[in-house]
Every structure is written in structure tokens, then in C-alpha cells.
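As C-alpha cells, the structure follows; a few thoughts come after it.
Counting starts at 1 for both ligands and their atoms, in listed order. Please read all numbers here as calculations on a predicted model, not as lab measurements.
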Amino acid sequence: MGMRVLVVGNGAREDALSWRLAVSPSCEAVFAAPGNAGTASRGENWNIPVTNGKALSARCKEERIDLVVLGPETAIAAGVGDRLRDAGIPTFGPDRSAGRLESSKIFSKHFMERHEIPTANAVVVHTLSAALKTLDEWTGACVIKADGLASGKGVIVAPDAQVARDVLTEWYGASRIPGGGAGVLLEEKLEGRELSVFAIGDGRALYPFAAACDYKRAGDGDTGPNTGGMGAYSPPHGFPSDMEDQVRMRIIAPTLRGLLAEGERYIGVLYCGLMWTLNGPYVIEFNARFGDPETQVLMPRVNGDFAAFLKSAADGALDPSAASLSERTCVGVVLATTDYPRSNAPLPNLPGDISLSEGVQAFWGASTSQNGKINAAGGRVLTVTALGGDLASARSEAYTAVGKIAKRFGSSTGLTFRRDIALV
Ligand code: AMP
Ligand code: GLY
């Protein structure tokens, strides 16, 4: 009997995970909660919010689920992993305590300092007066980070102390610190190229699995506001040839030592958001989950039995031979509504029957399907990915597919996308 797998979440990341799990030899059925138009094409969507651990656990028991894969950070921070594991349900995704590496930037920074993991120097403040006092001595740019989860809206890169003062005066003055807490990090700005590295934890070890580059700004040439991510490609291009070894020794090894020393059993993906500086890799942030849109460009590269791979990690003994990554390159371009990231205007009635050529996949963001039409919730609507022998051919295939889809949707649809993804 094959495995029955639940994917928690409703974005293009979860569509990509569900797609790869569904074609895994050991997977019999794949469900999603709450899922989207893409996951609905492969199995039942359960109408349960991602943070409702009690309802998820009860339904998993009823449906005899063998493995749960947690997508979003909100589920992890709400303790859904703890709840499912307490109920004896194998779960890929950390518990709330280990998940603080993402859900609290102050916890994460202190963890890195305790375990000598390279990261930007930072000062923690809890009040406006402490922040302003710190800025009196500040030279150069200042990266301001709200402590809590803020869906990408909690980080501001201020070019100088005056801009930082203005931001903090607004945050504290209006009592509106993104994420809702009182703590803020003031951090030195690192220079270099960004890189996302995904390590798989099984509670005992961390195995580097994959790496990707992500484009966070809304506009071409890295201009405009920060977003959840407008495109990605994998594997990364133009980093030192010993990149993997450096990341393993300087980042993954001390992180694992730190987790074990602090009694954390990390099961799931540890997403290391890195800046490659003149002095090698520094951690910008940890996330406790797969990246979006990085996952959309990783899943097409996965060979083997991905369901068995994640299940072995959830069971506490990763079988690294269960899955591997192909040598091919994958490029993904996000199509978003024109108001994104300011707001998310719903986009109803999109054609659901997009035909794609070999090696091309399109993953739906938050959406529902009805009579063959897709109603998108808005924001990041679709991630279009293509595999190629090298970066240039994958890029060209991806943009050809984007062009076809944009045409199929019609010019009045008003979806935007970056034109410089994977142009390195
Ligand atoms: P985060 O949510 O912490 O990943 O921050 C969002 C984005 O802000 C990152 O992807 C970087 O582009 C930028 N950023 C955050 N911290 C720093 C830093 N210390 N130096 C330079 N850029 C940063
Ligand atoms: N792509 C950035 C993130 O998933 O946080």
C-alpha cells in the first residue's frame, strides 16, 4: 500500500510540492489543506485553515494520512507540527520551538551569535528611544527588521540613519510594527549576492539538499518594493566552485551543533538565506520551510521518490538515496496582479486548460477552480517554470511559456512579471 500524503498550504509552493509528491512511486494519494486550483487537480482539498492543528490532526486520523508536509511558516509558528506529532502523525516541518529560527528574528540572531554562525552585526531594541539612541552612533545603511512574522513586509533597508529614524518613528509612533511585536533588529547591511540553501533535517542531522537564487524585488533590475519573490532559478550560477563545502562548514555544521546543544530536534527544511560576501557566506535569515518561489524551481529537478525521502526525514532517519537533483537548470517566473505587493485584487475566470510543452510546468498561487475556470485570489497568481540544459536555454523556455500563457489569458487580464529573471 502506498502512502497517503497531506500538503498544508495554498500557494504555488504547495502546488509544486503536491505535484512532485503525486508522481513519487511510494505515494498513493495526495491531499491539500486548504490547497488551491492546482492541488485540486490531483486530490481532495480540505477546507481547513493552515493554523488549525486540532482540525488537521483529526482529519488526518480519519483519512489515515501517512505523512504531512507543512508549507507555510504560519502553520509552523502556530504549533501545527507539535500537534500532529503528538497525535502520532509523521510530519515534515519543525515544531514551534525550532521554528523560532524563522518566527522570531531576535531569537534567530541570538542563536547565530551563541553558535558563531556568520551573520550581520545587529542591535536589538524594544522602544523608539532605544532605537534613536542606537542610530545616533550609526554610520552607513541600516537594515531594520521587525521581530515577528510579517510576510516579507517586516524588513526595510534604510540607506542611512535618517531614513531609519523616520521608519522607526512611524513604526513605534503608530504602534504598527509589522508582525505585531515590539522588538526590532537594527542590522549592518551586507554586500554581495544572495543565495538560498535548503538543508533537510531529520532531528539528528542537517543534510544540504539544494540551492537556488530568488528575486525578491518587484521590478526589473532589483528595483521597487520587497515581495514574497518574483522568480527564481536553480542551481545557482556564478558562485565559487567550493560553495557547497563553504556553506556546509561555515553555516550548516555550526547550526546543527547549536540545535543539538539546545535540545532542538529539527525535522523539516532549514532554509538558509545567505549573502555571499567578500568573506564568504553570511546568514541574512533562516526560514523553517521551503521557499516560494524557490520550491517551484526545485521540484522539477527532483528525481527519485520524493515522498519516501520526506517520510524518512519525518521518521527521524533521512534516507538521502531516496531522492536526488538532476543536473538540469530550472528557471521560474512569477506572474502577479499589477497591484502586488501593495494589495491582492482577485482575478476571476482565468482559463484552467493551459497546455504546456515538455519540461514546462505552471504552478498556481492561491486560487480555486470552478467549471474549468480558475479564480485567483490575486498577488502571485502563477509560477511558470522550465527546465533546460543550461541557464540560458531554461530561461528562454520559461519566457516563451510566459508569453504563450499571457496571450492565452488575454491582454486585458493585467498580469505583470519581471523580465530579468535568471539574467546573470
Ligand atoms: P529577510 O526577510 O530577512 O530575508 O530580508 C528580506 C531582504 O532584505 C533580503 O532578501 C535581503 O535582500 C535584504 N536584507 C536583509 N538583511 C540584510 C542585510 N543584513 N544586508 C543586506 N540586505 C539585507
Ligand atoms: N523566497 C523567499 C521566501 O520564501 O521566504
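- Those atoms of ligand 2 that come under 4.0 Å of a heavy atom in Asp214, given as number and element, are 1 (N), 2 (C).
- Listed by atom number, the atoms of ligand 1 under 4.0 Å from Glu285 heavy atoms are 1 (P), 2 (O), 3 (O), 4 (O).
- Summary of contacts: the protein heavy atom closest to atom 9 (C) of ligand 1 is Glu194 OE1, 3.7 Å.
- Under 4.0 Å from ligand 1, the heavy atoms of Lys216 that appear belong solely to its side chain.
- Using modelled atom types and a 3.5 Å distance limit, the side chains of Ser104 and Asp147 yield a donor-acceptor pair.
- Both the sub-6.0 Å distance and the 45° axial angle are satisfied by Arg193 relative to the ring of Phe239.
- Ion pair Asp15/Arg42 flagged as a salt bridge, since at least one NZ, NE, NH1 or NH2 atom sits closer than 4.0 Å to an Asp/Glu carboxylate oxygen.
- Among protein heavy atoms, the minimum distance from atom 19 (N) of ligand 1 is reached at Glu187 OE2, 2.8 Å.
- Of all the heavy atoms of Arg13, none lies under 4.0 Å from any atom of ligand 2, so neither backbone nor side chain is involved.
- Look at Asp245 and Arg248 and you find a salt bridge, because one of the NZ, NE, NH1 or NH2 atoms lies within 4.0 Å of a carboxylate O, short of that distance.
- Each of the following atoms of ligand 2 lies closer than 4.0 Å to a heavy atom of Tyr271: 1 (N), 2 (C), 3 (C), 4 (O).
- Between the CG atom of Leu206 and the CG atom of Leu259 there is a distance of 6.0 Å, given to the nearest 0.5 Å.
- Asp166 and Gln162 form a side-chain donor-acceptor contact under 3.5 Å, judged by distance and modelled atom types alone.
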>> With side-chain contact (heavy atoms from CB on, under 4.5 Å) as the criterion, how do Phe286 and Cys272 come out once you've worked through the C-alpha distance, each side chain's angles and the decisive distance to 0.1 Å?
In response: CA-CA 5 Å; Phe286 283 126; Cys272 309; 3.8 Å; yes
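- Not close to ligand 2: Gly229, with no non-hydrogen atom less than 4.0 angstrom away.
- Looking only at protein heavy atoms, the nearest one to atom 13 (C) of ligand 1 is Val157 CG2, 4.2 Å.
- Contact atoms of ligand 1 toward Lys145: 3 (O), 15 (C), 16 (N) (distance under 4.0 Å to a heavy atom of the residue).
- Distance check: Asn121 CG to Leu186 CG gives 12.5 Å after rounding to the nearest 0.5 Å.
- Residue Asn287 has at least one heavy-atom neighbour below 4.0 Å for each of these atoms of ligand 2: 5 (O).
- In Glu44, the CD atom is crowded: over 12 heavy atoms of neighbouring residues, nucleotides or ligands sit closer than 6.0 Å.
- The ligand atoms of ligand 2 that sit less than 4.0 angstrom from a heavy atom of Lys216 are 2 (C).
- When non-hydrogen atoms are compared, ligand 1 lies under 4.0 Å from the side chain of Lys105 (C-beta onward) but not from its backbone.
- Neither the backbone nor the side chain of Phe290 has a heavy atom within less than 4.0 Å of ligand 2.
- Ranked by closest heavy atom to atom 23 (C) of ligand 1, the top entry among Asp222, Val143, Leu274 is Val143.
- Contacts between Glu73 and ligand 2 below 4.0 angstrom, taking non-hydrogen atoms only, are absent altogether.
- Applying the 4.0 Å criterion to heavy atoms of Arg289 picks out, from ligand 2, the atoms 3 (C), 4 (O), 5 (O).
- Closest to atom 7 (C) of ligand 1, if we only count protein heavy atoms, is Asn226 ND2, 3.8 Å.
- With ligand atoms numbered from 1 in the order given, ligand 1 contributes 20 (N), 21 (C) to contacts under 4.0 Å with heavy atoms of Lys189.
- Salt bridge status for Glu187 with Lys109: present, with a side-chain N to carboxylate O gap under 4.0 Å.
- Seen from the ring of Tyr340, Arg342 does not count as a face-on cation partner, given the 6.0 Å and 45° thresholds.
- Annotation: atom 14 (N) of ligand 1 to nearest protein heavy atom, Ile284 CG2, 4.0 Å.
- Phe198 and Tyr271 have perpendicular rings, their planes meeting at more than 60° on a 0 to 90° scale where under 30° would count as parallel.
- Atoms of ligand 2 found under 4.0 Å from any heavy atom of Gly228, numbered from 1 in the order shown, are 1 (N), 2 (C).
- A side-chain donor from one of Glu264 and Ser97 sits under 3.5 Å from a side-chain acceptor of the other.
- Atom 8 (O) of ligand 1 has Val155 CG1, 3.6 Å as its closest protein atom, hydrogens excluded (heavy atom only).
- Of all atoms in ligand 2, numbered sequentially from 1 with element shown, those under 4.0 Å from a heavy atom of Gly291 are 4 (O).
- For the pair Glu262 and Arg100, the salt-bridge criterion is not met [side-chain N within less than 4.0 Å of a carboxylate O].
- The nearest heavy-atom contact from the protein to atom 22 (N) of ligand 1 is Met275 CE, 3.9 Å.
- For atom 20 (N) of ligand 1, the closest non-hydrogen atom on the protein side is Leu190 N, 2.8 Å.
- For Thr337 and Asp339, the side-chain atoms include at least one donor-acceptor pair closer than 3.5 Å.
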